[in-house]
Amino acid sequence: MQHVEALEILLQGLCGVHRERLRIHELCLKSGPNLGLAASEVRLLCDLEQPEPTWTVRHIGGAMRGAGAEQIPVLVRTLNESKVSKNALRFFYSLGYKLDHELLRVGFAFHFQKGAQITVTVSSVNKMLKLHATDEAVPVTPGIQLVEVTAPASSENYTEVVAAVSSFCEYLAPLLHLSKPGVSTGVVPTAAAAAASLMSDGGGTTL
Ligand SMILES: *[C@@H]1O[C@H](CO)[C@@H](O)[C@H](O)[C@H]1NC(C)=O
Ligand SMILES: *[C@@H]1O[C@H](CO)[C@@H](O)[C@H](O)[C@H]1NC(C)=O
């Protein structure tokens, strides 16, 4: 994503809220099938930008399947999250989990209500040169930012949430096309012009 600043101006205008900085340390842990259970993967996350950073454990389930799921433009999957104490890593090691990889996501996020509780994050993915050395992180793909749009849904309201998320994404269309994870999209031909016009319009707005 070359036009990060333009995207930020567009998001600021659409959401009407200020961005929040992100600096998320993410540890991906995997357990083999040796615990008598199926292999599993959990993520430990900590936003270092918070005044008092706390850890969260996240388990992401499989995507919704079936003909209906193929047709909808967003990915629907189960996700469980809970707060954990600082020694969670040691706890998971003792359960037989092993560190698969760790990352540092650096960027910003917008949280707002627009038919659903939408979160947009724009971040670069960095890797650590030494174990847990978040101060010495280097970009995995320099110059490329990951844009994610997510919203919580339940089995009762997901069609409504899918509609809200997809209609929000259409507002971003002059600048970028978003796709489901794993599906690639092409470059948006209007992006350079849209970015230039946003940058000149946004000149008077203090962010
Ligand atoms: C989340 O928790 C519920 C209730 O315990 C469980 O049924 C579901 O499988 C869990 N999903 C994930 C992705 O961990
Ligand atoms: C849908 O349900 C989830 C889970 O209960 C809730 O967090 C979310 O706010 C609901 N969204 C809408 C648009 O009703």
Side-chain angles (χ1 to χ4, degrees), residues 10-20 22 24-47 50 53-103 105 108-123 125 146-173 178-183:
L10 179 61
L11 287 169
Q12 166 91 31
L14 290 171
C15 317
V17 292
H18 287 281
R19 63 166 209 183
E20 285 169 29
L22 289 182
I24 298 178
H25 185 189
E26 179 172 325
L27 299 156
C28 178
L29 305 170
K30 285 188 178 165
S31 81
N34 56 333
L35 291 171
L37 299 161
S40 104
E41 180 181 307
V42 294
R43 284 161 198 276
L44 291 176
L45 306 140
C46 183
D47 187 355
Q50 296 300 317
T54 55
W55 287 89
T56 295
V57 60
R58 176 184 291 172
H59 182 245
I60 302 175
M64 194 173 87
R65 283 191 236 174
E70 307 256 302
Q71 276 156 28
I72 55 177
V74 306
L75 182 69
V76 180
R77 57 192 179 183
T78 54
L79 184 149
N80 288 347
E81 243 180 29
S82 55
K83 292 278 178 202
V84 285
S85 57
K86 262 193 290 191
N87 58 1
L89 183 58
R90 243 186 310 145
F91 174 72
F92 279 101
Y93 282 160
S94 74
L95 287 178
Y97 282 83
K98 292 197 167 57
L99 182 65
D100 186 67
H101 60 273
E102 66 177 337
L103 298 171
R105 288 177 191 274
F108 56 88
F110 287 92
H111 304 279
F112 55 95
Q113 184 77 35
K114 225 179 183 56
Q117 290 161 258
I118 301 179
T119 296
V120 182
T121 64
V122 180
S123 60
V125 179
L146 184 66
V147 180
E148 292 171 288
V149 180
T150 55
S154 65
S155 50
E156 284 79 41
N157 71 10
Y158 82 88
T159 38
E160 212 179 304
V161 174
V162 166
V165 169
S166 11
S167 76
F168 177 77
C169 292
E170 279 171 27
Y171 289 110
L172 307 179
L178 292 169
S179 63
K180 295 188 195 187
V183 179

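Both ligands and their constituent atoms are indexed starting at 1 by order of listing. Just so we're clear, the structure is a prediction, and the values are computed from it rather than from any experiment. Sequential numbering from 1 along the given sequence is applied to the chain's residues.
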One pair per line, please: each N/O atom of ligand 2 matched with every protein N/O atom under 3.5 Å away, atom names first, then the distance to 0.1 Å.
{"residue": "ligand 2", "atom": "2 (O)", "partner": "Asn157", "partner atom": "OD1", "Å": "3.4"}
{"residue": "ligand 2", "atom": "2 (O)", "partner": "Asn157", "partner atom": "ND2", "Å": "2.4"}
{"residue": "ligand 2", "atom": "9 (O)", "partner": "Gln117", "partner atom": "OE1", "Å": "2.6"}
{"residue": "ligand 2", "atom": "11 (N)", "partner": "Asn157", "partner atom": "ND2", "Å": "2.9"}
{"residue": "ligand 2", "atom": "14 (O)", "partner": "Asn157", "partner atom": "ND2", "Å": "3.2"}

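- In Phe112, the CZ atom is crowded: over 12 heavy atoms of neighbouring residues, nucleotides or ligands sit closer than 6.0 Å.
- Near Gly61, with a cut-off below 4.0 Å to any heavy atom, the atoms of ligand 1 are 13 (C).
- Residues Asp47 and Pro53 come closest through the heavy atom pair O-CB, 3.6 Å.
- Close approach to His59 involves these atoms of ligand 1, each under 4.0 Å from a residue heavy atom: 12 (C), 13 (C), 14 (O).
- In terms of heavy-atom proximity, Phe168 sits nearest to Val120 at CE2-CG2, 3.7 Å.
- Taking every non-hydrogen atom of Asn80 and a distance limit under 4.0 Å, the qualifying atoms of ligand 1 come out as 1 (C), 2 (O), 3 (C), 8 (C), 10 (C), 11 (N), 12 (C), 14 (O).
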Per-pair distances, 0.1 Å, donor-acceptor, side chain in residues 69-82, under 3.5 Å, sequence neighbours excluded:
{"residue": "Glu81", "atom": "OE2", "partner": "Arg58", "partner atom": "NE", "Å": "2.7"}
{"residue": "Glu81", "atom": "OE2", "partner": "Arg58", "partner atom": "NH2", "Å": "2.7"}

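- Evaluation of the side chain to side chain donor-acceptor pair (under 3.5 Å) rule for Ser40 yields Tyr97 as partners, not counting sequence neighbours.
- Here the closest non-hydrogen pair linking His25 and Trp55 is ND1-CH2, 3.7 Å.
- Take Glu41 and apply the side chain to side chain donor-acceptor pair (under 3.5 Å) test, not counting sequence neighbours, and it matches Arg43.
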